[in-house]
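If you're wondering where the values come from, they're calculated on a predicted model, not measured in any experiment. One-based numbering along the sequence shown.
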Amino acid sequence: DQAGPAAPADVRADGRRPQPKTRASIARRVPPRWPVDRPVQVATAILPSMADGTAPSVEALGAFDDSRALLDDPAALRARFESDGYVLLRGAVERDVLLEARRAICGVLRHHGWLEPSEDPMAAVPLGGPFVEGEAKFLEAYDDVQRLEAFHAVPHHPSVRRCMTALLGPTAFPHPLSIARLVFPGNDEWTTPAHQDYPNNQGTFELYACWMPLADCSMEEGNLSILR
């Protein structure tokens, strides 16, 4: 998955902050492109700490172990993956390829009226919203994101392939299922809940997800978490 960064929450013209949209309300209001019962059921899987708007305590969170030093030792890297269930490869992907994807995505979002026109698009300062999965305004923008060459070029970049072939071997290839997580700041209801990819993707157990933020992403802004 590739994720954009958070930005300051927006305020409407009347000075009031818009109420967060819920999965259930979207399922009721919008003609669906997929079964409406599914997103509502998924919402129940959100961790209790997310559902009441609080973050897990610092004591409950542990830092990821950086495995970038093992990139030139595939056997050791695979052993780390088998042991921990993940590998963090900090800085292994070339920064420019991620910035190019971010620039292209922010351009699409600005074109669709998601971003404040007086601000640098790369800052991703929202205008209006939040727009969420299932809404026509979200789907129009997301469809255009999925048409971006810069977005789909990321998993084919040599710096990404180096990481994946070290884990899966030289025959590894990018799965044509890149997903962009486009979430407005403060819209906790639409935080991606705890899940496993295999039930949705199928194919092979050796299908590894590669999560790449397109900007610096702090814990407060919603980075990746792994349950143990």
Side-chain angles (χ1 to χ4, degrees), residues 1-12 18 21 33 64 66 68 71 86-166 172-188 190-192 197 201 208-225:
D1 295 356
Q2 298 163 27
D10 60 294
V11 178
R12 298 189 320 197
K21 298 175 183 177
R33 290 171 60 176
F64 291 139
D66 193 345
R68 185 177 179 180
L71 261 179
Y86 77 94
V87 288
L88 169 66
L89 303 172
R90 192 185 303 279
V93 177
E94 286 192 19
R95 183 180 180 86
D96 286 349
V97 71
L98 298 179
L99 287 176
E100 183 60 29
R102 177 183 174 83
R103 186 173 294 107
I105 291 172
C106 288
V108 166
L109 300 183
R110 186 176 192 180
H111 171 75
H112 283 273
W114 287 33
L115 304 184
E116 173 58 57
S118 63
E119 301 285 347
D120 180 358
M122 290 288 278
V125 178
L127 173 69
F131 310 122
V132 297
E133 294 178 35
E135 288 186 317
K137 192 168 181 64
F138 179 95
L139 295 172
E140 289 168 0
Y142 189 78
D143 285 350
D144 280 349
V145 168
Q146 284 289 341
R147 296 185 178 100
L148 292 172
E149 181 178 355
F151 174 63
H152 291 289
V154 172
H156 295 271
H157 192 271
S159 63
V160 178
R161 286 190 51 78
R162 178 193 179 201
C163 300
M164 303 313 290
T165 55
F173 64 92
H175 191 294
L177 190 62
S178 293
I179 297 172
R181 300 292 184 191
L182 307 176
V183 181
F184 277 70
N187 196 19
D188 295 339
W190 286 81
T191 298
T192 303
D197 288 338
N201 299 336
Y208 291 179
C210 184
W211 189 88
M212 291 177 282
L214 301 184
D216 292 339
C217 190
S218 68
M219 187 181 300
E220 292 74 20
E221 290 170 321
N223 56 7
L224 182 69
S225 296

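Taking both residues in full, the closest heavy atoms of Asp197 and Ala209 are given as OD2-CB, 3.2 Å, listed atom of the first, atom of the second, then distance. Closest heavy-atom contact between Trp211 and Leu224: CH2-N, 3.6 Å. Heavy atoms only, all atoms of each residue included: Ala124 and Arg102 are closest at CB-NH2, 4.1 Å. Taking both residues in full, the closest heavy atoms of Ala180 and Val145 are given as CB-CG1, 4.0 Å, listed atom of the first, atom of the second, then distance. Ile105 and Leu182 get closest at one heavy-atom pair: CG2-CD2, 4.2 Å. Taking each heavy atom of Phe151 and Pro155 in turn, the nearest pair found is O-CD, 3.9 Å.
For His156, the NE2 atom counts as densely surrounded, since its 6.0 Å shell holds more than 12 non-hydrogen atoms of other residues, nucleotides or ligands. Residue Phe173 places its CZ atom among 12 or fewer non-hydrogen atoms of other residues, nucleotides or ligands, all under 6.0 Å distant.
Taking 4.5 Å as the limit, every side-chain heavy atom of His157 sits out of range of all side-chain heavy atoms of Val93. The side-chain heavy atoms of Met122 and Leu99, taken from C-beta on, include a pair separated by under 4.5 Å. Here the side chains of Leu98 and Val154 are in contact, with some heavy-atom distance below 4.5 Å.
Atom CD in Glu133 sits 6.0 Å away from atom CH2 in Trp190 (nearest 0.5 Å). Between atom NE2 of residue His152 and atom OG of residue Ser178 there is a gap of 6.0 Å, rounded to the nearest 0.5 Å. With rounding to the nearest 0.5 Å, the separation of CG in Asp96 from OG in Ser159 is 10.0 Å. Residue Gln146 holds its CD atom at 11.5 Å from CG of Leu139, rounded to the nearest 0.5 Å. To the nearest 0.5 Å, atom NE2 of residue His175 and atom CE of residue Met164 are 11.5 Å apart.
Taking the six-membered ring where the residue is Trp, Phe184 and Phe131 present perpendicular rings, their angle passing 60° and hence far from 30°.
No side-chain donor-acceptor contact under 3.5 Å links Arg90 to the backbone of Arg68.
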Evaluate Asp144 against His112 for side-chain hydrogen bond (donor to acceptor under 3.5 Å, both in side chains), listing each step before the verdict. CA-CA 9 Å; Asp144 280 349; His112 283 273; 2.6 Å; yes
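Electrostatic pairing of Glu100 and Arg103 counts as a salt bridge here, judged by a charged N lying under 4.0 Å from a carboxylate O.
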